[in-house]
There are 2 protein chains.
Amino acid sequence: MTTGRPLRADAQRNRGRVLAAAEQVFAERGTAASIEEVARTAGVGVGTVFRHFPSKEALLQALVVQRLTRIAADARDHATSPDPGAAFFDFFTAVVHGSATKLELVDALAELGIEPNEAVAPVAADVTEALTALLQQAQHAGAVRRDIDVRDVIALLAGASQTRRYAPDDRPLAVILDGLRVPIAQ
Amino acid sequence: MTTGRPLRADAQRNRGRVLAAAEQVFAERGTAASIEEVARTAGVGVGTVFRHFPSKEALLQALVVQRLTRIAADARDHATSPDPGAAFFDFFTAVVHGSATKLELVDALAELGIEPNEAVAPVAADVTEALTALLQQAQHAGAVRRDIDVRDVIALLAGASQTRRYAPDDRPLAVILDGLRVPIAQ
DNA sequence: CTAGAATCGGAATCGTGATTCCGTTTAGAG
DNA sequence: CTCTAAACGGAATCACGATTCCGATTCTAG
């Protein structure tokens with residue numbers, strides 16, 4: 001990462017606006033939305049978008065990194081809970097709810113297990129690490145099945161997110177969470 | 001549907017080739033793959049593709065219809081099994097396995113719950129009907145939780161399919177199936 | 001076998017959207 | 001306040017891919 005000198009104040013602000021606009025636009029119209037629309041939403045010119053992100057792909061990647069960074073932080077946050085079982089399920093639910101209208105998160109999560117990318121790989125590893133800790137705690141607490149591993153959880157996070165395209169409610173999610181639970185004696 | 005006179009023999013054959021090529025290409029490269037690539041794979045000219053399918057969207061739609069038609073038939077087929085519980089889970093697994101490398105099925109299934117489309121609506125309704133029957137049998141047999149409805153199953157089919165992008169194995173699928181099962185007394 | 005219709009192939013056309021360029025406008029150091 | 005580098009806006013450029021068109025080819029009725 002080319003960490004040059006600090007950005008000029010206005011540049012810093014515009015960068016943030018572009019990122020926010022991109023998140024919104026791509027979530028609403030899908031990643032096929034044009035850069036021009038992102039620029040318009042951000043209230044800047046297309047040139048500005050490209051000065052901050054050399055290509056559309058770079059912009060998408062920045063969004064993925066941002067999303068994954070938040071997820072990792074969220075996982076760490078939940079890991080401090082006194083109730084590891086509830087913390088795990090809360091985290092899982094929060095991530096699924098966090099996947100915007102469209103499949104943004106799905107794409108974001110895709111990076112976790114697919115195509116080792118220069119920029120996202122480190123963040124992906126970070127998410128995996130935080131998630132592993134959270135999962136193990138929940139397993140030790142007897143709340144989650146022992147035969148589940150991080151990869152399963154990641155795949156299921158993506159799957160559960162996908163689910164919301166069809167049913168805006170949490171019913172399918174509940175089924176998946178039940179599948180992860182240690183069965184309760186009847 | 002404009003059922004004109006029967007197609008000339010070669011036209012019929014080319015239509016099939018295009019459909020097969022499209023299924024393969026879109027599965028491998030995603031729906032963003034170009035029509036030219038589909039044409040090349042099918043061994044025909046782009047003009048031929050467009051004569052059979054007036055637009056790329058129409059081609060995609062034809063694929064969806066084809067896929068859904070197969071799924072409906074598969075559901076009906078499983079509904080005749082003497083073991084409704086096993087039949088339901090077998091069907092579910094088969095559909096998930098059937099979603100090619102990429103998210104083709106996901107898009108196909110998307111049509112089931114989203115955007116009531118002129119051409120796919122009837123097939124979607126057909127799938128829903130067949131699936132409802134299969135589900136109810138499994139529930140009556142005590143194999144699937146009573147509080148699950150078809151919409152949940154459809155959403156979970158899509159979710160489970162998504163899952164395979166991250167883990168090529170059936171572990172995440174197994175978790176989802178467990179979530180659907182009626183818990184066994186310990 | 002033959003004419004005519006149905007198809008075909010693929011070059012040319014069109015539109016859209018990513019990316020580049022450069023004259024104009026600021027932030028901020030001195 | 002003044003000057004210069006850093007940023008900006010957005011028109012112009014480029015590339016790519018969908019769709020159109022039409023002369024060449026291939027079925028199949030008779």
Side-chain angles (χ1 to χ4, degrees), chain A residues 1-64 102 104 107 117-119, chain B residues 1-64 102 104 107 117-119:
Chain A
M1 195 164 282
T2 313
T3 307
R5 51 229 69 196
L7 289 175
R8 225 169 69 176
D10 57 339
Q12 182 87 59
R13 176 158 33 78
N14 279 334
R15 188 193 158 87
R17 283 181 181 166
V18 168
L19 225 31
E23 184 162 30
Q24 183 201 320
V25 171
F26 290 141
E28 285 174 1
R29 324 261 204 221
T31 57
S34 73
I35 291 291
E36 195 203 314
E37 186 165 356
V38 171
R40 199 180 325 125
T41 302
V44 303
V46 279
T48 297
V49 174
F50 278 95
R51 197 160 329 90
H52 288 293
F53 306 96
S55 69
K56 182 177 183 176
E57 190 184 339
L59 174 55
L60 256 351
Q61 204 168 83
L63 285 177
V64 169
K102 289 271 177 182
E104 197 207 318
D107 288 337
N117 180 292
E118 191 69 21
Chain B
M1 195 163 284
T2 313
T3 307
R5 52 229 68 197
L7 290 175
R8 224 168 69 176
D10 57 340
Q12 181 87 58
R13 177 159 31 80
N14 279 335
R15 188 194 157 87
R17 283 180 182 168
V18 169
L19 225 31
E23 183 162 30
Q24 182 200 320
V25 172
F26 290 141
E28 285 174 2
R29 323 262 204 220
T31 57
S34 73
I35 291 292
E36 195 202 314
E37 186 165 357
V38 171
R40 199 181 326 124
T41 301
V44 304
V46 279
T48 298
V49 175
F50 279 95
R51 196 161 331 88
H52 288 293
F53 306 95
S55 69
K56 183 176 182 175
E57 191 184 339
L59 174 56
L60 255 351
Q61 205 167 83
L63 285 177
V64 169
K102 288 271 179 183
E104 197 206 320
D107 289 339
N117 181 292
E118 191 70 21

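Naming: A, B, ... by sequence-line order, numbering from 1 per chain.
- Within residues 36-45 of chain B, no residue has any heavy atom under 4.0 Å from DNA chain D.
- A straight line from CD of A:Gln12 to C1' of D:dC8 spans 16 Å, rounded to a whole angstrom.
- In terms of heavy-atom proximity, B:Ala33 sits nearest to B:Val25 at CB-CG1, 3.6 Å.
- The B:Ser34 side chain lies nearest to D:dG17 when the options are C:dT7, D:dG9, D:dG17.
- Spacing between atom CD1 of B:Ile35 and atom C1' of C:dG9 amounts to 15 Å, rounded to whole angstrom units.
- B:Arg29 pairs with exactly one of B:Glu37, B:Glu36, B:Glu23 by the salt bridge (Lys or Arg N to Asp or Glu O under 4.0 Å) rule, that one being B:Glu37.
- Distance A:His52 NE2 to D:dA7 C1': 8 Å, rounded to the nearest Å.
- Computed from coordinates, the A:Arg51 CZ to D:dA5 P distance equals 17 Å when rounded to whole Å.
- Proximity of B:Arg15 to B:Phe53: side-chain heavy atoms (C-beta onward) are separated by under 4.5 Å at one or more points.
- Nearest heavy atoms, B:Val38 versus B:Val18: CG1-O, 4.1 Å.
- Among the heavy atoms of the strands, none lies under 4.0 Å from B:Ala58.
- A:Leu59 and A:Phe26 make their closest contact through CD2-CE1, 4.0 Å (heavy atoms, listed as atom of the first residue, atom of the second, distance).
- In the interface, the side chain of A:Arg8 is paired with the base of D:dA6 through a donor and an acceptor atom under 3.5 Å apart.
- Side-chain nitrogen and oxygen atoms of B:Asn14 include at least one within less than 4.0 Å of the OP1 or OP2 phosphate oxygen of C:dC8.
- The side chain to side chain donor-acceptor pair (under 3.5 Å) with A:Asp10 is formed by just one residue from the set A:Arg8, A:Gln12, A:Arg13; it is A:Arg8.
- Each of D:dC27, D:dC8, D:dA11 was ranked by its minimum atom distance to the side chain of A:Val46; first place goes to D:dA11.
- Distance, A:Phe50 CZ to C:dG17 P: 13 Å, rounded to whole Å.
- Contact annotation: B:Thr48 side-chain N/O to C:dT7 OP1/OP2 distance is not under 4.0 Å.
- Although no hydrogens or angles enter the test, the distance criterion places a donor-acceptor pair under 3.5 Å between the side chain of B:Lys56 and the main chain of B:Thr31.
- Distance CG (A:Asp10) to C1' (D:dG9): 13 Å, rounded to an integer number of Å.
- Between B:Ala9 and B:Gly47, the residue anchored closer to the 5' end of DNA chain D is B:Gly47, taking for each the nucleotide with the nearest heavy atom.
- Remark: P of D:dG17 and CZ of B:Arg29 are 12 Å apart, rounded to the nearest angstrom.
- Separating the CG atom of B:Leu7 from the C1' atom of C:dA5 is a distance of 14 Å, rounded to the nearest angstrom.
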